[in-house]
Every structure is written in structure tokens, then in C-alpha cells.
Amino acid sequence: MSEETKNQEVTEAATQDELDSFVSLKKGDTVKGTIVKLEDNQAYVSIGYKYDGVIPVRELSSVQVDNISEAVEVGQEVECKVVSIDDEKEKLVLSKRAIDSENAWEQLVKYQESGEVFEVVVSDVVKGGVVADVGIRGFIPASMVERHFVEDFSDYKGKTLRVKVKELDREANKVILSQKDVLDAEHEVNKQKVIAELTEGQQIEGTVQRLTQFGAFVDVGGVDGLVHVSEIAWSHVDKPSDVLSEGEKVNVKVLKVDPEKGKISLSIKAAQPGPWETATEQFKTGDIVTGVVKRLVQFGAFVEIAPGVEGLVHISQISHKHIGTPHEVLKEGQEVQVKILELNSAEQRASLSIKETEEAPADAAPRAEKSRKSHAPREVIDNPNVSMSNEGLSVTLGDLFGDKLSKFK
């Protein structure tokens with residue numbers, strides 16, 4: 001045998017040995033490999049075959065990938081399914097997404113049955129919510145992302161969320177996840193703990209979370225309590241938004257705790273000194289102060305002289321002239337000067353006068369005197385039948401009609 005023939009046999013033997021060392025593949029096989037290159041929006045994978053396989057970007061993930069480097073990196077080990085193989089063209093197409101999907105369904109079913117909480121990364125923000133890659137496309141509706149309303153989710157991409165499986169439908173390839181369920185459960189545990197530690201009469205600091213027409217919800221240790229509009233301030237409040245703003249820190253007093261219903265009633269005004277508590281320091285009898293007419297009634301007017309401190313101006317103390325009703329000279333919201341006649345902080349009562357802050361009309365006293373004199377008997381000095389003492393008439397019926405009366409006897 002020639003030397004050339006021997007060398008050819010050795011080369012063929014070596015080539016056959018190399019070929020025998022390569023794995024044999026067919027469509028549908030599952031293989032493991034390592035990412036060796038990222039190029040032309042596809043990943044090249046070494047799986048021990050006679051040439052590298054490629055994973056097109058569409059086969060990398062169950063969610064849309066704009067840049068292949070967002071899904072995989074060189075050196076990463078991956079498990080793939082053979083999509084197609086063409087040895088003549090040395091073209092081997094693989095799918096990482098297919099294997100991820102198969103594994104994901106099995107794991108998601110376990111999560112759903114156990115109620116386990118797991119983490120996902122938001123891969124995309126879409127209309128109506130956000131999307132996460134959990135081996136398959138997992139959708140988190142907008143209403144299930146947070147406990148509160150979120151208007152814009154644009155900054156959620158790349159954010160890690162803790163979720164539970166809400167709904168699975170393999171036939172429809174549908175996976176619904178919820179972070180809100182996780183947050184609600186944690187909130188409830190914390191709520192019960194906070195409620196158990198709260199006592200009626202306790203004063204604590206809170207943060208205004210929400211404002212409504214009927215009051216304000218204040219966060220006290222992660223749990224919201226209601227401050228009714230009537231408990232916001234000692235003075236009248238039409239709308240909570242007139243005096244409070246969301247995020248504002250406030251001191252509140254615990255009025256009532258209902259563990260069964262999970263409700264907490266709070267008061268801002270009760271955590272502050274009452275207006276009547278400081279009224280005696282602020283005012284004294286005889287002071288003339290400016291007030292505002294708050295209410296008009298038949299018998300007088302209630303005037304506020306300080307926030308939460310109202311006194312009554314009796315109808316007789318409104319004007320020097322006679323009036324039928326307070327409405328004749330006053331109107332609600334009118335600013336008036338009043339004199340403090342009496343102040344009783346213990347009973348939260350004050351008597352006020354408007355007319356004593358004004359000078360009486362010049363003819364007021366003479367007119368009253370004339371009125372009294374007009375009803376007095378006149379003196380008749382020249383009449384012999386009237387006594388000089390002016391104490392009254394001294395004429396008798398007998399003197400005047402004696403002769404005529406005798407005829408009837």
C-alpha cells in the first residue's frame with residue numbers, strides 16, 4: 001500500500017471520529033448550549049454539533065424584544081428546541097422561547113395552587129397594563145399593579161414586581177398576574193396589627209392620603225383612618241380641600257377603633273386646644289371685638305368672634321330702635337362690632353351686644369320721656385273740683401248728678 005493511500009485512510013478515519021463525536025439531531029429535539037455570539041439580531045449557540053445553531057430574536061422570548069442583548073448575553077447557558085435543521089446549508093434554527101414556555105406552564109400551575117408570591121420584571125408597558133416575561137407572556141392589568149390608581153406606567157419598564165397568579169388558561173395561552181393581591185394581603189396583616197395597638201384617646205401623627213367631600217383619609221402607620229369633615233377644625237369647614245392637602249402631616253386623636261369592621265375614626269380638631277379653652281385668655285367682659293354673623297334666628301343673631309367661638313346677640317341688643325326680626329338689619333356673613341357682655345367658657349356660652357358699641361340716637365331718651373308724660377294727668381288749677389295737691393280728681397257723682405239721681409229714688 002502506498003504512503004499516499006495510507007495517509008488518506010488515516011484522514012478519513014480521523015474525520016469519521018470527529019463526526020461520530022458530534023451529537024445527532026432531529027427536529028423537535030431539546031438541546032443545551034452556550035451563547036457564543038450575538039449578531040444580526042440573532043444569537044449563535046454552540047451545542048456540540050458540527051456547526052452552531054442560531055436563535056432568531058422572535059424565538060428568544062415570549063414577549064417582544066427590541067434589542068437581542070436585553071434577552072441573552074455571550075457565555076450564557078441556554079436550553080432550546082430544534083425548530084429546523086438543514087445540514088447541506090449548515091443551517092440549524094433553535095427556539096429558547098419554546099422550552100421556556102413548556103417549563104413556565106408547569107411552574108405557574110404550582111404557583112397558582114400554592115398561592116406563592118414570586119418576582120417578575122416588567123418587560124413592556126402596553127395599553128391597559130404591563131407585561132412580564134415568565135417563560136410565556138404574563139399580563140398584569142392596570143387595576144392589579146398597585147393598591148392605588150396609577151395614571152401613567154411609563155416608568156414601570158424594568159421594574160421588579162411581586163406577584164401572584166390570578167388566572168391561567170393554557171389553551172388560550174393566557175396568564176394573568178396580580179401584584180395588588182400581594183399588597184392587599186400584606187396591608188390586611190399590617191392593618192390588624194396597627195388596629196390592635198391603637199387605643200381610643202391616643203394622639204398620633206398621620207399623613208393625609210385622600211380628600212373627599214365628607215372628610216379626609218389619614219394614614220396612621222400604614223392604615224387609613226377617617227377624619228369626618230366635622231372633625232377637621234373647630235371652625236366650620238365646607239370642603240376638606242379648603243384646609244387640607246394630600247401628603248400633609250397632621251396630628252390626630254383616635255376617637256373610635258372597630259377591629260371587626262377594620263375602621264378607625266380620627267379627629268384633627270380634638271388633637272388641638274379647643275377655642276373655648278383659650279377664649280378666657282383671649283377675651284374678657286367689656287371687650288369690643290370684630291365678629292361675623294353666622295346665623296340669624298327669630299330671637300337674635302349668632303356671631304363668631306374667633307374660630308369656633310360663637311356668642312348670641314339677643315334681638316334686644318341688636319339695635320337702639322325697635323326691630324321685628326334680626327333679618328331687618330343683619331345678614332349672614334356680615335362683619336359687625338360687638339361688645340362682650342358675658343363669657344362662660346365652661347358652658348361655651350357668650351352674650352354679646354351690637355347696640356352697645358354704637359352711640360344711642362340723640363332723641364331716643366327724650367322720646368321715651370315724652371311718651372311717659374303723655375299718659376300723666378294734667379293739672380287744672382282754676383277748677384275748684386280738682387285738688388291743689390294734684391293727686392287726682394275730688395269730684396263726686398253726687399256733686400255732679402245729685403239732683404237728677406234723687407228723681408230715680
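The model shown is predicted, which means the values in this text are computed figures rather than measured ones.
Taking 4.5 Å as the limit, every side-chain heavy atom of K174 sits out of range of all side-chain heavy atoms of L168. For the pair E39 and Y44, the minimum side-chain heavy-atom distance is below 4.5 Å. Side-chain contact between V297 and P326: absent, with no pair of heavy atoms (C-beta onward) separated by less than 4.5 Å. Taking 4.5 Å as the limit, some side-chain heavy atom of L177 sits within range of a side-chain heavy atom of V134. Side-chain contact between W105 and V175 is present, with at least one heavy-atom pair separated by less than 4.5 Å. Counting heavy atoms from C-beta on, the side chains of V250 and E205 never come closer than 4.5 Å. At least one side-chain heavy atom of I318 sits under 4.5 Å from a side-chain heavy atom of I323. Put simply, the side chain of F118 reaches to within 4.5 Å of the side chain of L108, judged on heavy atoms.
The pair D29-K81 fails the salt-bridge criterion, with no side-chain N (NZ, NE, NH1 or NH2) lying under 4.0 Å from an Asp/Glu carboxylate O. With respect to E59 and K96, no salt bridge is recorded, no charged nitrogen being found less than 4.0 Å from a carboxylate O. Between R147 and D184 there is a salt bridge, since at least one side-chain N of the basic residue sits less than 4.0 Å from a carboxylate O of the acidic one. Classification of E200 and K253 as a salt-bridged pair fails, no side-chain N sitting under 4.0 Å from a carboxylate O.
Between the K37 side chain and the Q42 main chain, no donor and acceptor come within less than 3.5 Å of each other.
To the nearest 0.5 angstrom, E332 atom CD is 5.0 Å from L296 atom CG. Taking CG of L183 as the reference point, atom CD of E146 lies at 6.0 Å (rounded to 0.5 Å). A distance of 9.0 Å separates OG of S345 from CD of E281, quoted to the nearest 0.5 Å.
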Q: Starting from the C-alpha separation in whole Å, work towards a yes-or-no answer on salt bridge (Lys or Arg N to Asp or Glu O under 4.0 Å) for D224 and K191.
A: CA-CA 9 Å; D224 287 353; K191 182 177 181 178; over 6 Å; no
(Q) Before you tell me yes or no, could you show the steps for K321 and E328 under salt bridge (Lys or Arg N to Asp or Glu O under 4.0 Å), namely the whole-Å CA-CA distance, both residues' side-chain angles and the distance that decides it to 0.1 Å? (A) CA-CA 11 Å; K321 65 180 183 179; E328 294 178 22; over 6 Å; no
Q.
Under the criterion salt bridge (Lys or Arg N to Asp or Glu O under 4.0 Å), I'd like the reasoning laid out for E304 against K294: C-alpha separation, chi angles, the key distance, then a yes or no.
A. CA-CA 6 Å; E304 184 180 63; K294 288 297 183 178; 3.6 Å; yes
Q: In sequence, state the C-alpha distance, the side-chain angles, and the governing distance for D133 and S62, and then conclude on side chain to side chain donor-acceptor pair (under 3.5 Å).
A: CA-CA 6 Å; D133 183 1; S62 58; 3.1 Å; yes
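Between S61 and R97, the closest heavy-atom pair is O-CD, 3.1 Å. Closest approach of V293 and A301 over heavy atoms only: CG1-CB, 4.5 Å.
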